[in-house]
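These numbers come from a predicted model, not from an experiment. The first residue in the sequence is number 1, and the count goes up from there.
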Amino acid sequence: MGMIARRRARRAAAVGTTIAAAANDRWTEATWCLDAIADVGGSLVVTGWAVAREGNGSDRLEILVDGRRVKRATMHLPRPDIGELFWDRVDSTRAGFEVTIEPTRGATVSPTNPLRLSLSVDGATRTELDYFYPGEQQPIPPVGNRRRVHGGDDLAGFVLEGFSSFTKLGDMLERVTGIGYEGYDTILDWGVGCGRFARYLGHGGATGQRIIGVDIDETNIDWCVANVPGVDARLISATPPTSIPDESIDLVIGIGVFTHLGEYDQRLWLRELHRITRPGAILALTTHGRATFARSRLGAEWFEVWQREGFMDGGVNADIDGAVPSDPAYYRNVFTTQAYVRSVWGEFFDIVDVHEGLIGNHQDLNILRRVAEPRPPRAISEPPARAASASDESRPTILDAYVRSAPSAQNAVDLFAGSWTSSLPSNLGLRAGETETFDDGRITAVIDHLGGIANFEVLELGPMEGGHSYMLHEAGADVTAIEGSSQAFLKCLVVKEILGLAGCHFLLGDFLPYLATTDERFDLVLASGVLYHATDPIALLEAISRVTDRVAVWTHYWDADSVAAISRISRTFVEAPIEVEWRNHRLRVHPRHYLEALAKSSFCGGPEPSARWMERDGLMTVLREIGFTDITVLGEDIRHVNGPSILLVAQR
């Protein structure tokens, strides 16, 4: 909090020694953005904003259509939001404009006859800042589909951004490689969305050319399959591999994808893109660079951090909220320096050309060529040493860890901001996660089945964030909860303090050695969401049977057809099932590897890189053999989004 306050106080001083000193001329030149185009009585009304060059408030800004001035144009309209973004540009609070294009142009606006809109600064234009408007092309994606791609509802803006990117990227390919879209046999639109870009590839492709569009967004893929001819639209997992064959793609287009992937996920996809592209293939991928940073409101101190580190994660982006239900934090806003791209991406691809701020007039376009074999990883070079300056004071320090607002429960919750899974009880009015573990019907079903648990001594395995502990406590039980994750344990302590859970005792450590050695007996053991994270689930059930005559279990289990139907789950079962001889029974367990999930802050699995899932019949066999003969299934979901699941209570 102190950092934010200091940022606002130091803006004017900091820019002269940090951002402005580090930026090249292109970044400090005039720029603009079209917000909307509307048909009003046959005329097109275009609105947007334009800012002058840094330090040049006297710039004469005009909007041109097909290279000609527009008669009906109003410049310098109030835009306080742009003033906040470009606080260092003179008169940026009056950056708005509105121009009206009369219907006197002749031929109908279309992809083959688009409007070209340019920003003129003192009579000069920069072609890389131009927009191209092809008119509204049928079919039109529903507003919800567009919003998940474009971040807004405006149809004309959606069309404008898609066709402008298509035109400018095509021009850049021609200039840099000498080959336009038509020269590639197989083109992959990686992150196709609802076809904002790919629909133009499908219209103008060469005979026999193949256009593939892939995305993690099932809603948009379904729409593309039904509505975008000439494009082979496919749903893929949020993590590789894909089903695309080795060395089968000639050109990859990825607009706005690496701009939203965390560092670990980027590396996974770089390797996958290398696998599916032919030697010498071309890739056109965008990143958030300095032009995007200028619009971010992050401030000078974060610019220095980013330049030093090369990669900066700006947090979760909710534009396609829900597209990855298993990992709501997957889709992020990230910034990447060109030095980082050269060093890290250079393991897989040669950097052919970079044009900063080209796509959408802020994303960097990186033209890459696939190398035959990945090179050894290279370290990111350290930035050059900086002379001491006043800007050093604005860098984050240990003092930024101090909380300067009045004490509150939200302050404690925010120690783990962005990593909560659970939503806390609604009456508290606190912001945390979204899953209702503090009001979980599974725990209610267990308590109701047992006729209440008042005065029970309950052992809970893996309380995660204390939601189930709270429900047990409120039902009158005295709860001992053992958590192996240090971060989850600390969250439980926060919850205990906020909710006053005097009857909950949270212990940090591995519950297996505790179960093997304790002399305590419990009226109930709750094992919700732990059995399928165990490396030896049979041994865990045996250990539980030492300390109780009653266990409640919620777990996923293996079912071949159900698991195979969920690609993001089935791909994690990379080994053959293991045959286990146990008490004259032949059982099978199925190894599941966490893979890239281990790198995610939302990871809440076991302490090993893999676990083993039991089969349903095997689970019942083990429970009966260790003495739990009274088994009641309270709920079962063979089609659970994360694999088949079962809720049961077993008693002696």
Ignoring hydrogens and geometry, is there a side-chain-to-backbone donor-acceptor pair from [X] to [Y] under 3.5 Å?
| X | Y | value |
| --- | --- | --- |
| D350 | R369 | no |
| E465 | S422 | yes |
| N366 | L285 | yes |
| R332 | D313 | no |
| T548 | V551 | no |
| Q266 | F258 | yes |
| W223 | N145 | no |
| R550 | D523 | yes |
| H473 | G503 | yes |
| R370 | A372 | yes |

Kindly give the heavy-atom pair with the smallest separation between [X] and [Y], and that separation in Å.
| X | Y | value |
| --- | --- | --- |
| S486 | L508 | CA-CD1, 3.8 Å |
| I216 | A238 | CG2-CA, 3.5 Å |
| T555 | V553 | CG2-CG1, 3.9 Å |
| I244 | I276 | O-CG2, 3.7 Å |
| S528 | H468 | OG-CE1, 3.5 Å |
| P463 | S469 | CB-OG, 3.5 Å |

How long is the gap from [atom1] on [X] to [atom2] on [Y], to the nearest 0.5 Å?
| X | Y | atom1 | atom2 | value |
| --- | --- | --- | --- | --- |
| L235 | D215 | CG | CG | 8.0 Å |
| L273 | L268 | CG | CG | 11.0 Å |
| L270 | R275 | CG | CZ | 14.0 Å |
| I626 | T621 | CD1 | OG1 | 11.0 Å |
| L623 | T629 | CG | OG1 | 10.5 Å |
| S645 | I638 | OG | CD1 | 8.5 Å |

For residues [X] and [Y], determine if any side-chain heavy atom of one lies less than 4.5 Å from a side-chain heavy atom of the other.
| X | Y | result |
| --- | --- | --- |
| I566 | V641 | no |
| L368 | I351 | yes |
| V580 | R612 | no |
| R234 | T242 | no |
| L619 | L648 | yes |
| V252 | T277 | yes |
| L450 | Q651 | yes |
| L512 | D536 | no |

Apply the test side chain to side chain contact (heavy atoms under 4.5 Å, CB included) to residues V371 and H274: give CA-CA distance (whole Å), side-chain angles for both, the deciding distance (0.1 Å), then the verdict. CA-CA 8 Å; V371 299; H274 186 275; 4.0 Å; yes
In terms of the angle between their ring planes, are [X] and [Y] parallel, tilted or perpendicular, with boundaries placed at 30° and 60°?
| X | Y | answer |
| --- | --- | --- |
| H288 | H260 | perpendicular |
| F522 | Y514 | tilted |
| Y532 | H556 | perpendicular |
| W613 | F573 | perpendicular |

Is the closest side-chain donor-acceptor distance between [X] and [Y] under 3.5 Å?
| X | Y | result |
| --- | --- | --- |
| E542 | W582 | yes |
| Y340 | E263 | yes |
| R571 | T239 | yes |
| E575 | H593 | yes |
| R210 | T186 | no |

Candidate pair E520 and V547, rule side chain to side chain contact (heavy atoms under 4.5 Å, CB included), full reasoning: CA-CA 7 Å; E520 296 289 327; V547 301; over 6 Å; no
Report the C-alpha separation of R616 and D559 in whole Å, then their side-chain angles, then the decisive distance to 0.1 Å, and conclude whether the salt bridge (Lys or Arg N to Asp or Glu O under 4.0 Å) test is met. CA-CA 8 Å; R616 188 186 191 281; D559 175 83; over 6 Å; no
Taking atom [atom1] of [X] as the centre, does the number of heavy atoms from other residues, nucleotides or ligands within less than 6.0 Å exceed 12?
| X | atom1 | result |
| --- | --- | --- |
| E497 | CD | no |
| D246 | CG | yes |
| E636 | CD | yes |
| R431 | CZ | no |
| E373 | CD | no |
| D617 | CG | no |

Salt bridge (Lys or Arg N to Asp or Glu O under 4.0 Å) between E457 and R521, intermediate numbers included: CA-CA 8 Å; E457 293 285 340; R521 295 283 300 177; over 6 Å; no
R652 charged N/C atom sitting above F628 aromatic ring, 6.0 Å / 45°: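 Here R652 passes the 6.0 Å and 45° test against F628.
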Working for side chain to side chain contact (heavy atoms under 4.5 Å, CB included), residues K491 and M464: CA-CA 8 Å; K491 289 180 183 178; M464 194 171 73; over 6 Å; no
Could you walk me through whether L283 and W345 pass side chain to side chain contact (heavy atoms under 4.5 Å, CB included), step by step? CA-CA 12 Å; L283 300 90; W345 295 22; over 6 Å; no
